[in-house]
Amino acid sequence: MNYKLLMCGLLLGTASISAMAQSDLLKFDPSRFTRQSLTMPDGQKITYKAYEGIYYVKNIEDSTYQTLNIYVPDKMAETPRIPILLRTYIGGYAASTAKSPSPSDATGRALKEGYVVCIPGSRGSNSTITRNGKTIYTGIAPNGLLDLKAAIRYLRYNNALIPGESELIFTDGTSAGGAMSSLLGATGNCKDYEPYLKKMGAAQAPDDVFAAICYCPITDLNHADMEYEWLYSCTNTGIRHLSEKQIAISEELATECSAYINSLNLIKKDGTPLNAENYREYLKNFLIESAHKALQEGCEIPDTIGFTFYQNRQGPAGGGLGGIHQPKHNNGQRPPLDDRRQAPSFGPGNTRQFSRTSDFISELDLDKYLSYVASITPLKTPPAFDQMGVLIPTPSPENKVFGNNQGESANFTDFSLRHRTHNPKANLDKEMIHRVAIMNPMNYIGTDKSTVAPKWYIRHGAKDRDTSFLVPLNLATKLQNAGKSVNFALPWNRPHSGDYNLDDLFRWIASTL
């Protein structure tokens with residue numbers, strides 16, 4: 001007997017068994033489920049199989065969060081290819097456990113429609129483990145995003161075993177979760193994330209998705225401070241009541257924003273360039289369209305918040321967005337930063353209810369409308385996101401998520417780092433620059449770095465001040481410029497929230513199928 005050959009065979013066999021065992025760690029087991037049910041608001045009872053507590057990576061760092069749940073309705077949709085709704089409950093860039101479906105959001109509605117639902121957990125700024133007696137923060141950027149990408153890879157890896165079509169994944173999230181949804185949609189199969197995912201033991205499978213549903217995405221973080229001040233600095237000495245130091249920071253940030261807007265090289269739908277000079281008119285079009293739609297649906301809009309109404313039996317001439325007349329004025333220029341105005345009154349005033357034959361909106365005083373938004377919910381003080389050490393020592397959730405695994409927060413923009421350190425030449429280190437870059441979907445859209453989702457549904461409430469209107473509008477415009485199908489709106493009178501108007505959302509989902 002040739003003992004060398006025998007030992008070689010035994011070793012190869014052991015290696016093969018070991019490889020199979022490792023591979024099986026990520027294999028979905030269709031037999032491990034419980035039966036559950038959900039009662040919808042209309043009283044309908046939805047029954048489904050629940051596959052819960054599934055680990056989606058081999059090298060689990062935080063077992064509290066690195067799991068996912070899958071829910072398969074007993075009554076599946078009557079369509080050849082059944083989509084999977086992947087819903088993340090991330091908020092404030094904090095950790096989120098894998099949750100159960102809710103009758104009041106898109107998860108319950110998806111089950112009612114006969115779609116498969118996946119709800120992954122993910123690490124975040126507040127997730128910790130104890131290692132060698134020390135507290136380790138497990139959710140620093142980009143770990144939360146990596147967890148969601150690993151969950152998608154798990155679904156794609158097990159496509160033959162999991163009901164539903166993993167090539168029809170719709171991601172859905174709100175606020176920081178909306179940012180994550182936008183990142184999942186923009187960074188599919190990107191090599192920038194591969195070393196991290198390999199280290200985690202994620203499945204060897206694609207992680208691109210079919211569609212991204214993004215409600216009020218808190219994204220483009222390294223430019224969000226300047227975008228916020230560029231938009232809202234008109235309220236600084238009015239309703240916002242900033243101090244002199246805060247005004248100085250606001251104006252400095254706002255001044256930097258114009259160059260950023262121009263650097264995006266965005267194109268409007270009519271083919272003309274979008275830039276800092278005409279951006280306010282561009283934004284006004286969407287707000288006017290939102291208000292006009294609200295009037296059509298029977299809402300009443302006071303005449304004290306900036307809109308000008310007119311009557312015309314024949315309707316407005318010239319069309320525009322949704323047939324709305326949109327005259328230009330002041331050459332589309334933004335008022336100078338030192339144009340200080342007192343906050344206007346936003347009492348009930350006269351309200352206008354839509355007449356389909358005569359009532360239309362002819363103009364919007366944007367500064368007055370922004371003051372109205374600020375009167376509903378106080379604006380953030382500058383800087384809105386990278387605030388640590390600039391005027392106050394307190395870190396924001398974003399400062400914390402860009403910190404280190406010892407729980408120390410960090411600045412993620414040169415602007416705030418320089419103000420905190422009082423060093424005008426201070427710059428972020430290479431590691432931070434990389435982490436910030438891979439957490440911004442704007443860096444991937446329109447490039448060959450990734451597989452970008454072909455379908456997008458983006459919503460940001462018309463009175464949502466948690467980030468600037470520029471953030472979702474830039475995202476939507478850049479996607480449209482890249483040839484993607486984008487359904488974008490600023491829904492009227494809607495604050496910072498998500499998974500609303502589910503009829504519209506699921507009509508859109510059905511239309512993409």
Side-chain angles (χ1 to χ4, degrees), residues 141-142 145-146 148-149 152 167 169-173 178-194 197 206-227 230 256-279 281-283 285-286 321 412-413 433-460 467-490 508 512:
L145 172 61
L146 296 172
L148 297 177
K149 291 178 83 69
I152 290 168
E167 290 187 359
I169 294 174
F170 290 73
T171 63
D172 178 16
M180 291 298 190
S181 186
S182 70
L183 278 159
L184 293 172
T187 65
N189 308 325
C190 180
K191 292 180 180 179
D192 289 349
Y193 307 89
E194 192 62 38
L197 291 164
D207 56 49
D208 59 301
V209 299
F210 178 70
I213 301 164
C214 312
Y215 287 97
C216 47
I218 303 295
T219 191
D220 197 13
L221 291 174
N222 47 320
H223 303 106
D225 289 332
M226 61 177 71
E227 291 170 309
W230 187 88
E256 291 189 1
C257 188
S258 293
Y260 174 61
I261 293 173
N262 294 338
S263 74
L264 292 172
N265 296 314
L266 299 175
I267 304 296
K268 294 188 288 184
K269 208 167 185 178
D270 63 5
T272 59
L274 176 61
N275 52 47
E277 291 186 358
N278 60 28
Y279 201 104
E281 289 294 332
Y282 186 64
L283 169 60
N285 287 340
F286 289 93
L321 284 174
F412 51 89
T413 64
I433 291 171
H434 175 71
R435 291 171 65 200
V436 171
I438 63 176
M439 289 293 289
N440 191 338
M442 298 291 283
N443 294 329
Y444 297 92
I445 300 162
T447 73
D448 59 0
K449 296 179 182 179
S450 63
T451 305
V452 179
K455 308 289 183 181
W456 291 75
Y457 185 93
I458 303 172
R459 293 292 184 271
H460 184 98
T467 192
S468 168
F469 292 127
L470 277 67
V471 171
L473 187 49
N474 286 345
L475 175 66
T477 305
K478 190 165 188 179
L479 286 162
Q480 191 175 68
N481 290 175
K484 307 306 174 184
S485 174
V486 184
N487 187 309
F488 172 77
L490 301 173
W508 174 79
T512 68

Practice task
Please report the closest heavy-atom contact between Thr219 and Ser182, naming both atoms and the distance.
Solution key: OG1-OG, 4.1 Å
Practice task
Answer whether the closest heavy-atom distance between the side chains of His460 and Thr467 falls below 4.5 Å.
Solution key: yes
Fill in the blank from the handout: All heavy atoms of Ile445 vs all of Ala482, minimum pair found to be CG2-CB, 3.9 Å
Practice task
Please tell me if the side chains of Leu183 and Pro142 come closer than 4.5 Å, counting only heavy atoms from C-beta onward.
Solution key: no
Practice task
Report the C-alpha separation of Leu490 and Leu473 in whole Å, then their side-chain angles, then the decisive distance to 0.1 Å, and conclude whether the side chain to side chain contact (heavy atoms under 4.5 Å, CB included) test is met.
Solution key: CA-CA 9 Å; Leu490 301 173; Leu473 187 49; 5.9 Å; no
Problem - pair Trp230-Tyr279: side-chain heavy atoms closer than 4.5 Å - result: yes
Problem - Flag, side chain of Ser181 to backbone of Ala212, donor-acceptor distance under 3.5 Å - result: no
Problem - Lys478 side-chain N/O to Leu264 backbone N/O, donor-acceptor pair under 3.5 Å - result: no
Practice task
Measure the shortest side-chain to side-chain distance between Leu475 and Val486 over non-hydrogen atoms and say whether it is less than 4.5 angstrom.
Solution key: no
Problem - Approximate separation, where rounding is to 0.5 Å, of Lys191 NZ and Ser450 OG - result: 12.5 Å
Handout entry: Asn189 (side chain) donor-acceptor with Asp207 (main chain) under 3.5 angstrom
Key = yes
Problem - Between CD1 on residue Ile261 and CD on residue Glu256, distance to nearest 0.5 Å - result: 12.5 Å
Fill in the blank from the handout: Sequence neighbours excluded, the answer for side chain to side chain contact (heavy atoms under 4.5 Å, CB included) partners of Asn275 is Asn262, Glu277, Asn278
Problem - Heavy-atom closest contact (Val209 atom, Ile169 atom, distance) - result: CB-O, 3.7 Å
Practice task
Determine whether Lys455 and Trp508 make a side-chain contact, defined as any pair of heavy atoms from C-beta on separated by less than 4.5 Å.
Solution key: yes
Problem - Distance-only donor-acceptor check, side chains Asn474 and Asp220, under 3.5 Å - result: no
Problem - Check: Leu266 main-chain N/O paired with Asn481 side-chain donor or acceptor under 3.5 Å - result: no
Handout entry: Reference residue Asn222; test side-chain hydrogen bond (donor to acceptor under 3.5 Å, both in side chains); the match among Asn443, Thr413, Asn440
Key = Asn440
Problem - Working for side-chain hydrogen bond (donor to acceptor under 3.5 Å, both in side chains), residues Asp192 and Tyr444 - result: CA-CA 11 Å; Asp192 289 349; Tyr444 297 92; 2.8 Å; yes
Practice task
Of all the heavy-atom pairs spanning Ala186 and Pro441, show the shortest one and how long it is.
Solution key: CB-CB, 3.7 Å
Practice task
Drop me the distance from Arg459's CZ to Cys214's SG, to the nearest 0.5 angstrom.
Solution key: 11.0 Å
Problem - Set of side-chain hydrogen bond (donor to acceptor under 3.5 Å, both in side chains) partners for Thr187, sequence neighbours left out - result: Lys149
Practice task
Spell out, as yes or no, whether a donor-acceptor pair under 3.5 Å connects the side chain of Tyr193 to the backbone of Ile438.
Solution key: yes
Handout entry: Derivation of the side chain to side chain contact (heavy atoms under 4.5 Å, CB included) call for Met180 and Met439
Key = CA-CA 8 Å; Met180 291 298 190; Met439 289 293 289; 4.0 Å; yes
Handout entry: Validation row: Ile458, Asn487 side chains within 4.5 angstrom (heavy atoms)
Key = no
Practice task
Using only heavy-atom distances, determine whether the side chains of Thr512 and Tyr457 contain a donor-acceptor pair under 3.5 Å.
Solution key: no
Exercise for the section: Evaluate the side-chain proximity of Leu184 to Leu145: yes if any heavy-atom separation is below 4.5 Å, no if none is. Expected result: yes
Handout entry: Phe488 ring center within less than 6.0 Å of Phe286 ring center
Key = yes
Exercise for the section: May I ask you to test the Glu227-Tyr260 pair for a side-chain heavy-atom distance under 4.5 Å? Expected result: yes
Exercise for the section: Kindly determine whether Val436 and Leu221 satisfy side chain to side chain contact (heavy atoms under 4.5 Å, CB included), including the steps that lead there. Expected result: CA-CA 8 Å; Val436 171; Leu221 291 174; over 6 Å; no
Exercise for the section: Heavy atoms only: give me the nearest Pro206-Asp208 pair and the separation to one decimal. Expected result: CB-OD1, 3.4 Å
